[in-house]
2 protein chains.
Amino acid sequence: MQADIRNILKRNQLSVTASREKILHLFLEQSGALAHGDIEKRAGEKFDRVTVYRTLQTFVEKGIIHTIPTADNSVRYALCKDNCEAGHHHDQHIHFVCSHCGQTFCLDDVVTPEIKLPRGYSTNHIEVVVNGICRECTA
Amino acid sequence: MQADIRNILKRNQLSVTASREKILHLFLEQSGALAHGDIEKRAGEKFDRVTVYRTLQTFVEKGIIHTIPTADNSVRYALCKDNCEAGHHHDQHIHFVCSHCGQTFCLDDVVTPEIKLPRGYSTNHIEVVVNGICRECTA
DNA sequence: ATCAAAAAAGCAACAATGTTGCAAATATTT
DNA sequence: AAATATTTGCAACATTGTTGCTTTTTTGAT
Ligand SMILES: [Mn+2]
Ligand SMILES: [Mn+2]
Ligand SMILES: [Zn+2]
Ligand SMILES: [Zn+2]
C-alpha cells in the first residue's frame with residue numbers, strides 16, 4: 001500500500017511528501033469521495049489548510065483525483081480509476097450520492113448515457129449524478 | 001411582466017417586496033442560470049447581500065427556482081419551469097454549461113435518461129450536466 | 001553520507017462567501 | 001389608518017479559499 005502510494009506519486013513526477021502520502025492514503029482506503037473538510041478531519045497529523053488545498057489541486061491537475069459536481073456548495077474529490085493524464089481527465093462513469101449516509105460514490109461500471117441535444121449544441125463532457133439510497137444503507 | 005411577477009409571488013404566498021420583484025425579474029428576462037454574484041451585480045439598486053441569500057433560499061423552498069450542480073464551487077439557480085411545489089421539486093430536464101460563454105442553461109426539452117444501477121442502489125433523482133458549446137457560441 | 005538546488009509546507013494576512021440576531025422599515029390584514 | 005406580520009439592512013461573526021513569503025523538506029548529484 002505504502003509502495004503503491006509512492007508509485008503513484010513518482011509516476012506523476014511528484015515529490016514524495018508526508019502530506020501527499022497521507023492524503024493519497026485517505027483516498028485509497030476510502031470507498032467514497034472526500035471533501036476538503038473530510039480530509040482535514042481525518043488526516044490525524046495536522047496539515048495546514050493551505051497544504052490540503054494545494055495538494056488537492058495538484059492531484060486534480062495530475063489526473064490522480066477528479067471533482068464531482070454537487071448542487072450544494074461542496075466540492076468532493078474521488079480517485080480517478082480510468083487512465084486520466086495530467087491536464088486531461090476522461091472519466092466516463094456516473095456518480096451516486098446517498099441521501100441516507102451522505103456519501104458520494106463513483107460507480108465505475110455505469111457508463112454515462114448518450115444525450116441527444118437540440119440542434120446547435122455540441123457535447124464535450126457529460127456528468128451524471130444519481131441521488132438515492134446506496135447499497136450499504138439499503139441492506 | 002410586472003403582473004406575472006406579482007402573480008408568481010402571490011401564488012406562492014410570498015409578500016411582494018422590491019427585492020423579490022427585482023430578483024424574479026432578473027430570472028425572467030434571462031435565458032441562462034444566475035449565480036448569487038450575478039444577481040448582486042445586475043440588481044442595479046443595491047440590495048443587501050443577506051437579502052439576496054434569503055430571497056434565493058425562499059425561492060428554492062417555494063419551488064420557484066432550482067439549483068444546478070457544478071463541479072467548481074459555484075451554486076447556480078434557474079427558474080423552475082415544471083410544476084414544482086414548495087418543498088418538492090420535480091424538474092426532469094438536463095443542464096448545459098457552455099465552456100465558451102460560461103453560461104448555464106436548462107434544456108427543458110431534454111429529459112434525463114434512465115440509468116441502470118447495480119443491485120442494491122435505488123434512485124431518487126438524477127442530475128445530468130452536459131458541458132460543451134451552446135447554440136449562441138456555435139453560430 | 002554530504003551538500004546544493006528545487007520543491008513543498010507552514011505561516012500570516014487577506015479576500016470572498018455564507019450565517020445569525022436584532023432593530024428599523026415595509027407589506028399585509030383588519 | 002392602525003395593528004400585526006413579515007422582510008430588510010446592518011453588524012458581527014464563521015467558514016472557506018487565496019496569495020506572498022520564509023522555513024523546512026525532498027531530490028539529485030557529488
Ligand atoms: Mn468518479
Ligand atoms: Mn433547470
Ligand atoms: Zn448510504
Ligand atoms: Zn455559449
Side-chain angles (χ1 to χ4, degrees), chain A residues 2-3 5-26 33-62 64-65 67-77 86 102 104, chain B residues 2-3 5-26 33-62 64-65 67-77 86 102 104:
Chain A
Q2 205 56 33
I5 290 172
R6 295 180 66 91
N7 281 340
I8 294 172
L9 292 174
K10 290 288 189 190
R11 186 194 320 147
N12 287 281
Q13 292 128 35
L14 292 175
S15 39
V16 178
T17 69
S19 58
R20 285 176 182 167
E21 285 183 302
K22 182 66 188 179
I23 292 175
L24 198 41
H25 186 91
L26 287 176
L34 294 170
H36 174 95
D38 300 326
I39 292 166
E40 281 198 79
K41 277 176 209 122
R42 300 195 199 182
E45 313 110 74
K46 293 297 168 238
F47 299 110
D48 193 276
R49 225 153 42 80
V50 178
T51 302
V52 177
Y53 280 116
R54 292 201 264 231
T55 302
L56 289 172
Q57 187 184 309
T58 302
F59 284 1
V60 171
E61 281 164 5
K62 289 293 187 178
I64 299 171
I65 61 178
T67 57
I68 301 173
T70 53
D72 66 340
N73 231 358
S74 65
V75 189
R76 313 205 137 219
Y77 302 87
T104 300
Chain B
Q2 205 57 31
I5 290 173
R6 294 179 67 90
N7 282 340
I8 294 172
L9 293 174
K10 291 288 191 188
R11 187 194 317 147
N12 287 281
Q13 292 128 36
L14 292 175
S15 40
V16 179
T17 69
S19 58
R20 285 177 183 167
E21 284 183 304
K22 182 66 188 181
I23 292 174
L24 198 41
H25 186 90
L26 288 176
L34 293 171
H36 174 96
D38 301 325
I39 291 165
E40 280 200 79
K41 276 176 212 124
R42 299 197 199 182
E45 311 110 75
K46 292 298 167 241
F47 299 110
D48 194 277
R49 224 153 43 82
V50 179
T51 301
V52 176
Y53 280 117
R54 292 202 267 231
T55 302
L56 290 172
Q57 187 182 310
T58 302
F59 283 1
V60 171
E61 281 164 5
K62 290 294 187 176
I64 299 171
I65 60 177
T67 57
I68 301 172
T70 53
D72 67 339
N73 231 358
S74 65
V75 189
R76 314 205 137 218
Y77 302 87
T104 300

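Numbered from 1 within each chain, the chains take letters A, B, ... in sequence-line order. Quick caveat: nothing in here was measured; it's all calculated off a predicted structure.
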- Atom-to-atom span, CG of A:D72 to P of D:dT16 - whole angstrom: 12 Å
- Query: Can you tell me how far C1' of C:dG10 sits from CD of A:E40, to the nearest Å?
  - Reply: 13 Å
- When every non-hydrogen atom of B:T67 is compared with those of A:A71, the smallest separation belongs to OG1-CB, 3.6 Å
- Message: I want to check one thing: is the phosphate of D:dT8, taken as OP1 and OP2, less than 4.0 Å away from some side-chain N or O of B:T51?
- Response: no
- How many Å lie between CG on A:D48 and C1' on D:dC21, as a whole number? 13 Å
- A:E61 atom CD is separated from C:dA7 atom C1', nearest whole Å, by 14 Å
- Query: Looking at residues at least two apart in the chain, or sitting in another chain, which of them share a side chain to side chain contact (heavy atoms under 4.5 Å, CB included) with A:D48?
  - Reply: A:V50, A:T51
- Euclidean distance, atom CZ of residue B:R20 to atom C1' of D:dG9 [Å, nearest integer]: 14 Å
- Message: If we count only N and O atoms by modelled type, under 3.5 Å, do the side chains of B:E21 and B:H25 hold a donor and an acceptor together?
- Response: no
- Do you know the tightest heavy-atom contact between B:T55 and B:S19? OG1-OG, 4.2 Å
- To the nearest angstrom, the NZ-P distance between B:K46 and D:dC10 comes to 13 Å
- If you look at every heavy atom in A:D38 and A:A33, which pair is closest and at what distance? OD2-O, 4.3 Å
- Task: Starting at atom CZ of A:F59, determine the distance to atom C1' of C:dA8, rounded to an integer number of angstrom.
- Result: 12 Å
- Note on the structure: The single option from B:K22, B:Q57, B:H36 that satisfies side-chain contact (heavy atoms from CB on, under 4.5 Å) with B:V52 is B:H36
- At under 4.0 Å between heavy atoms, which parts of nucleotides 18-28 of chain C does protein reach? Answer with one letter per nucleotide, 5' to 3': B base, S sugar-phosphate only, - none. BBBB-----SS
- Item | Atom-to-atom span, CD of A:E21 to C1' of C:dA9 - whole angstrom | 14 Å
